[in-house]
Engineer: 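Below you will find the structure I want to go over with you.
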Amino acid sequence: MKKIRAGIIGATGMVGQRFITLIENHPYFELSALIASPSSAGKTYGEAVKGRWMMKTPISERIANMVVLNAEDIESVKPHVDFVFCAVNMAKDATKALEEAYAKAEIPVVSNNSANRGTPDVPMLIPEINYAHTAVIEAQKERLGTKKGFISVKPNCSIQSYVPALEPLRKYGIKAVNVTTFQAISGAGKNFDTWPEMVDNVIPFIGGEEEKSEKEPLKVWGTVENGVIVNAETPVISAQCIRVPASDGHLAAVSVSFENKPSIEEIKADWANYVGEAQRLELPHAPEKFLTYFEEDNRPQTRLDRDLYGGMGISIGRLREDTIFDYKFVCLSHNTLRGAAGGAVLGAELLYRQGYLY
């Protein structure tokens with residue numbers, strides 16, 4: 001397959017750095033542009049992130065010597081890219097305007113940001129679940145007046161721990177879900193050096209996260225009708241989102257009730273046998289197994305299991321009867337891999353295979 005050129009907007013931040021590690025040697029994409037704010041533009045990437053590189057692997061010489069481009073100067077970016085990933089840290093309205101400006105300049109945008117998740121003709125992809133939502137892209141291009149440019153997003157990192165586990169169970173009629181997420185500090189773009197207040201601490205609030213956790217699954221489970229995604233009406237979801245002192249990994253404690261209650265054996269079989277489109281297409285960042293159930297009482301554990309299948313697999317455990325709902329269980333996902341940059345890269349791989357990026 002022919003490689004296409006990928007840029008990263010917001011390349012100096014934590015998620016932008018993760019994007020670099022994921023696509024620097026990618027079979028579909030050539031990392032061709034590092035793009036950031038005017039304060040970083042014109043510097044080499046090594047200069048721009050000096051003292052701020054948060055990845056475990058060092059920056060390669062090629063990446064360190066690349067000159068950072070100005071995200072606001074789209075015309076100077078355009079000759080260098082076929083599409084861009086977006087991981088900026090800006091206000092929602094500004095992010096939405098920036099992404100739309102790139103799309104209107106005929107540069108497809110695969111976004112890690114939340115700004116366009118509620119836009120009805122913008123697909124919000126978990127490729128194993130709603131790969132068919134890319135069908136709205138043609139209507140979006142018509143709205144934007146573009147031939148090639150469009151925006152695709154990935155969901156909030158919090159829902160990617162528990163929505164995958166619920167997907168194979170929707171055939172039983174999920175009525176209600178109660179979920180509490182225990183979210184790592186890298187979800188805020190920080191580590192313990194930059195956020196010492198999180199050491200030996202738990203903060204029971206993450207701004208905007210509970211609303212996203214309750215609403216975004218309904219778009220993922222929505223249907224494409226007349227060029228837009230119509231959100232699902234059920235299930236009712238109640239979420240609490242808590243910041244915990246873990247470096248990476250979002251754990252979710254889930255309780256669920258059904259119209260037609262399955263057995264524990266049926267649920268485990270559904271999880272074991274589920275195969276998504278990403279696995280069928282053998283996308284480069286698709287985990288070999290999307291859902292993995294642990295029989296041990298004390299699994300999954302954040303530190304032990306977050307890196308399952310390169311951080312792209314979903315771990316599940318502790319399935320048991322619930323005294324109020326039908327069942328309860330625990331899920332885990334890696335928030336900066338499956339939940340953020342890795343999820344966006346997987347979405348881009350799907351878009352590439354479906355022919356939207358070239």
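Note that the coordinates shown come from a computational prediction; the quantities given were computed from them, not determined experimentally.
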Engineer: Is a salt bridge present between Glu216 and Arg117, judged by a nitrogen-to-oxygen distance below 4.0 Å?
Structural biologist: yes

Engineer: May I ask you to say whether Arg338 pairs ionically with Glu128, meaning some side-chain N is under 4.0 Å from a carboxylate O?
Structural biologist: yes

Engineer: Is the closest side-chain heavy-atom distance between Cys86 and Asn113 below 4.5 Å?
Structural biologist: yes

Engineer: Show your reasoning for whether side chain to side chain contact (heavy atoms under 4.5 Å, CB included) applies to Leu357 and Tyr28.
Structural biologist: CA-CA 11 Å; Leu357 296 181; Tyr28 298 172; over 6 Å; no

Engineer: Verify, without hydrogens or angle tests, whether Glu30 (side chain) and Ile4 (backbone) share a donor-acceptor contact under 3.5 angstrom.
Structural biologist: no

Engineer: Side chain to side chain contact (heavy atoms under 4.5 Å, CB included) between Val220 and Ile159: does it pass, once the steps are laid out?
Structural biologist: CA-CA 10 Å; Val220 172; Ile159 78 167; 4.2 Å; yes

Engineer: Check step by step if salt bridge (Lys or Arg N to Asp or Glu O under 4.0 Å) holds for Glu99 and Lys96.
Structural biologist: CA-CA 5 Å; Glu99 292 179 351; Lys96 190 169 186 175; over 6 Å; no

Engineer: Do the side chain of Glu321 and the main chain of Tyr327 share a donor and acceptor less than 3.5 angstrom apart?
Structural biologist: no

Engineer: Do Asn65 and Thr44 meet the criterion of a side-chain donor-acceptor pair at a distance under 3.5 Å?
Structural biologist: no

Engineer: Tell me whether Ile9 is reachable from Ile74 by hopping between hydrophobic residues (I, L, V, M, F, W, Y) whose side-chain heavy atoms are closer than 4.5 Å.
Structural biologist: yes

Engineer: Take a 6.0 Å sphere around CD of Glu197 and say whether it holds more than 12 heavy atoms from other residues, nucleotides or ligands.
Structural biologist: yes

Engineer: Look up atom NE2 in His334 and atom OG1 in Thr336, then write down how far apart they are to the nearest 0.5 Å.
Structural biologist: 4.5 Å

Engineer: So do Ile267 and Leu319 actually touch side chain to side chain, heavy atoms under 4.5 Å?
Structural biologist: yes

Engineer: Where the side chain of Asp322 meets the backbone of Ile324, is there a donor-acceptor pair that is under 3.5 Å apart?
Structural biologist: yes

Engineer: Are Val110 and Val84 side-chain neighbours, meaning at least one heavy-atom pair lies under 4.5 Å?
Structural biologist: no

Engineer: Any chance you could lay out the side chain to side chain contact (heavy atoms under 4.5 Å, CB included) test for Asn231 and Trp221, step after step, and finish with the verdict?
Structural biologist: CA-CA 7 Å; Asn231 288 6; Trp221 289 325; over 6 Å; no

Engineer: Check whether any side-chain N or O of Ser40 sits under 3.5 Å from a backbone N or O of Ser37 as a donor-acceptor pair, and report yes or no.
Structural biologist: no

Engineer: So, for Phe83 and Tyr352, is the gap between ring centers shorter than 6.0 Å?
Structural biologist: no

Engineer: Indicate yes or no: does Asp82 engage Arg5 in a salt bridge with an N to O separation below 4.0 Å.
Structural biologist: yes

Engineer: Just verifying a value: how many Å separate Leu304 CG and Phe294 CZ, rounded to the nearest 0.5 Å?
Structural biologist: 8.5 Å

Engineer: Stepwise, does the side chain to side chain contact (heavy atoms under 4.5 Å, CB included) test hold for Phe325 with Asn178?
Structural biologist: CA-CA 9 Å; Phe325 293 78; Asn178 183 269; 3.6 Å; yes

Engineer: Does one hydrophobic cluster hold both Leu144 and Ile107, with members joined at side-chain heavy-atom distances below 4.5 Å?
Structural biologist: no

Engineer: In plain terms, say whether Glu295 and Lys268 are close enough for a salt bridge, that is, a side-chain N and a carboxylate O under 4.0 Å apart.
Structural biologist: yes

Engineer: Looking at Glu225, I'd like to know if its CD atom is crowded, meaning that more than 12 non-hydrogen atoms belonging to other residues, nucleotides or ligands lie closer than 6.0 Å.
Structural biologist: yes

Engineer: Is there a donor-acceptor contact under 3.5 Å linking the side chains of Asn335 and Ser186?
Structural biologist: yes

Engineer: With the threshold set at 4.0 Å, does a side-chain nitrogen-carboxylate oxygen contact exist between Asp270 and Lys171?
Structural biologist: yes

Engineer: If you define the side chain from C-beta out and look only at heavy atoms, does anything of Leu22 sit under 4.5 Å from Leu337?
Structural biologist: yes

Engineer: With rounding to the nearest 0.5 angstrom, report the CG to CD1 distance, Leu166 to Ile316.
Structural biologist: 9.0 Å

Engineer: Between Leu125 and Val163, is there a shared hydrophobic cluster once you connect ILVMFWY residues whose side-chain heavy atoms come closer than 4.5 Å?
Structural biologist: no

Engineer: For Phe329 and Trp271, run ring-ring contact (aromatic ring centres under 6.0 Å, His included): C-alpha distance rounded to whole Å, both residues' side-chain angles, the deciding distance at 0.1 Å, then the answer.
Structural biologist: CA-CA 12 Å; Phe329 53 88; Trp271 285 336; 5.2 Å; yes

Engineer: Near Glu266 CD, under 6.0 Å, is it more than 12 heavy atoms from other residues, nucleotides or ligands?
Structural biologist: yes

Engineer: Does Lys148 make a cation-pi contact with Tyr358, if we ask for NZ or CZ under 6.0 Å from the ring centre and within 45° of the axis?
Structural biologist: no

Engineer: Around Asp307, counting heavy atoms of other residues, nucleotides and ligands shown, do more than 12 lie under 6.0 Å from its CG?
Structural biologist: yes

Engineer: Do Thr21 and Met55 have side chains that get closer than 4.5 Å, going by heavy atoms?
Structural biologist: yes

Engineer: Between the main-chain N or O of Ala71 and the side-chain N or O of Tyr102, is there a donor-acceptor pair closer than 3.5 Å?
Structural biologist: yes

Engineer: Find the distance between OH (Tyr162) and OG (Ser213) and round it off to the nearest 0.5 Å.
Structural biologist: 4.0 Å

Engineer: Quick one: does any side-chain atom of Arg243 pair with a main-chain N or O of Ala184 as donor and acceptor, under 3.5 Å?
Structural biologist: yes

Engineer: Should Ser60 and Glu24 be marked as a side-chain hydrogen bond (donor to acceptor under 3.5 Å, both in side chains) after you check the CA-CA gap, both sets of side-chain angles, and the distance that decides it?
Structural biologist: CA-CA 9 Å; Ser60 71; Glu24 188 175 2; 2.4 Å; yes

Engineer: Is there a continuous path of hydrophobic side-chain contacts, each under 4.5 Å between heavy atoms, that joins Ile35 to Phe19?
Structural biologist: no

Engineer: Taking 4.0 angstrom as the limit, do Arg299 and Asp305 come out as a salt bridge?
Structural biologist: yes

Engineer: Evaluate whether atom NZ of Lys261 has more than 12 neighbouring non-hydrogen atoms of other residues, nucleotides or ligands under 6.0 angstrom away.
Structural biologist: yes

Engineer: Ring-plane angle category for His26 and His285, please: parallel below 30°, perpendicular beyond 60°, tilted otherwise.
Structural biologist: parallel

Engineer: Is the shortest side-chain N to carboxylate O distance from Glu100 to Lys104 below 4.0 Å?
Structural biologist: yes

Engineer: Donor-acceptor pair, distance only, cut-off 3.5 Å: does the side chain of Thr119 make one with the backbone of Val122?
Structural biologist: no

Engineer: Do Ile242 and Ile203 have side chains that get closer than 4.5 Å, going by heavy atoms?
Structural biologist: no

Engineer: CD of Glu61: more than 12 outside heavy atoms within 6.0 angstrom?
Structural biologist: no

Engineer: Has Arg306 got a side-chain atom pairing as donor or acceptor with Ser333's backbone, closer than 3.5 angstrom?
Structural biologist: no

Engineer: Would Glu138 and Lys141 pass as an ion pair if we require N to O under 4.0 Å?
Structural biologist: yes

Engineer: Do Ile151 and Ile137 have side chains that get closer than 4.5 Å, going by heavy atoms?
Structural biologist: no

Engineer: Side chains of Pro123 and Val153, heavy atoms from C-beta outward: is any pair under 4.5 Å?
Structural biologist: no

Engineer: Can you establish whether the number of heavy atoms outside Arg143 located under 6.0 Å from its atom CZ is more than 12?
Structural biologist: yes

Engineer: Crowded around Asp200 CG? As in, over 12 foreign heavy atoms under 6.0 Å?
Structural biologist: no

Engineer: Are Tyr293 and Leu169 connected in the hydrophobic side-chain network, where two residues link if heavy atoms are under 4.5 Å apart?
Structural biologist: yes

Engineer: Roughly how far, to the nearest 0.5 Å, is the CD atom of Gln354 from the OG1 atom of Thr134?
Structural biologist: 3.5 Å

Engineer: Indicate yes or no for a side-chain donor-acceptor contact from Arg353 to the backbone of Leu281 under 3.5 Å, with no hydrogens or angles considered.
Structural biologist: yes

Engineer: Kindly compute the distance separating CG (Leu308) from CD1 (Ile314), expressed to the nearest 0.5 Å.
Structural biologist: 8.5 Å

Engineer: Donor-acceptor check, side chain of Gln240 to backbone of Glu210, threshold 3.5 angstrom: yes or no?
Structural biologist: no

